[in-house]
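Data block below; observations after.
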Amino acid sequence: MGKQCGAYRDSPMDYAHLRYWHCGPTQIRIEVDKRKGPNYTTCVGPWQDVFVDYYIFADNAWYVGLC
C-alpha cells in the first residue's frame, strides 16, 4: 500500500481504488488484471496518476508497452 511507481492501492480496505502512477516521460500501455472476466489494457500519459478500477474487481496492473 502507498504511492509508488506502478500499480498501488490507495487504502488497505477492500473498497480501495487500484491506481497506477506512471513516473516517466512517455505514454504507456498497461494491462489490468481483473479478478473475474478478461484483463484489459489502457494508456497512461506521462507522469499521470490514474484510477484503474476498484480493488475488489482488479488486483494488479503492469506495463506492457508504449501507446
Side-chain angles (χ1 to χ4, degrees):
M1 186 180 69
K3 189 170 178 179
Q4 59 189 16
C5 297
Y8 69 96
R9 291 168 61 174
D10 66 356
S11 166
M13 309 305 273
D14 283 340
Y15 56 82
H17 295 168
L18 177 65
R19 301 186 62 86
Y20 193 95
W21 181 31
H22 173 44
C23 36
T26 57
Q27 186 168 357
I28 63 167
R29 181 173 308 280
I30 62 170
E31 183 172 343
V32 180
D33 185 17
K34 296 291 285 186
R35 293 178 187 264
K36 294 182 181 177
N39 291 357
Y40 67 90
T41 63
T42 189
C43 291
V44 179
W47 309 108
Q48 279 191 322
D49 183 357
V50 297
F51 169 80
V52 175
D53 209 329
Y54 292 98
Y55 185 71
I56 61 172
F57 301 125
D59 63 359
N60 202 358
W62 57 87
Y63 171 86
V64 292
L66 298 175
C67 283

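- Y55 and Y8 sit in two unconnected hydrophobic clusters of ILVMFWY residues. Membership requires side-chain heavy atoms under 4.5 Å apart, directly or through other members.
- Closest of all the heavy-atom pairs between D49 and R19 is O-NH2, 3.0 Å.
- Interatomic distance, CZ of R29 versus OG1 of T42, reported as 7.5 Å (0.5 Å rounding).
- Between Y40 and V52, the shortest heavy-atom distance links the atoms OH-O, 2.9 Å.
- A pairwise comparison of heavy atoms in I28 and H22 identifies CD1-ND1, 3.5 Å as the closest pair.
- The two residues Y15 and I56 make their nearest non-hydrogen contact at N-CG2, 4.3 Å.
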* To do: Applying side-chain contact (heavy atoms from CB on, under 4.5 Å), run through V32 and F57 and close with a yes or a no.
  => CA-CA 10 Å; V32 180; F57 301 125; over 6 Å; no

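- Considering all non-hydrogen atoms of both residues, W47 and W21 come closest at O-NE1, 4.0 Å.
- For the atom pair CG (L18) and CG (D53), the distance works out to 7.0 Å, reported to the nearest 0.5 Å.
- Aromatic ring centres of Y54 and H17: separated by under 6.0 Å.
- Of the possible donor and acceptor atoms, one in the side chain of N39 sits under 3.5 Å from a partner among the backbone N and O of K34.
- Atom-to-atom distance recorded for Y63:OH and E31:CD is 13.5 Å, nearest 0.5 angstrom.
- Nearest approach of V44 to V50, heavy atoms of both residues: CG2-CG2, 3.9 Å.
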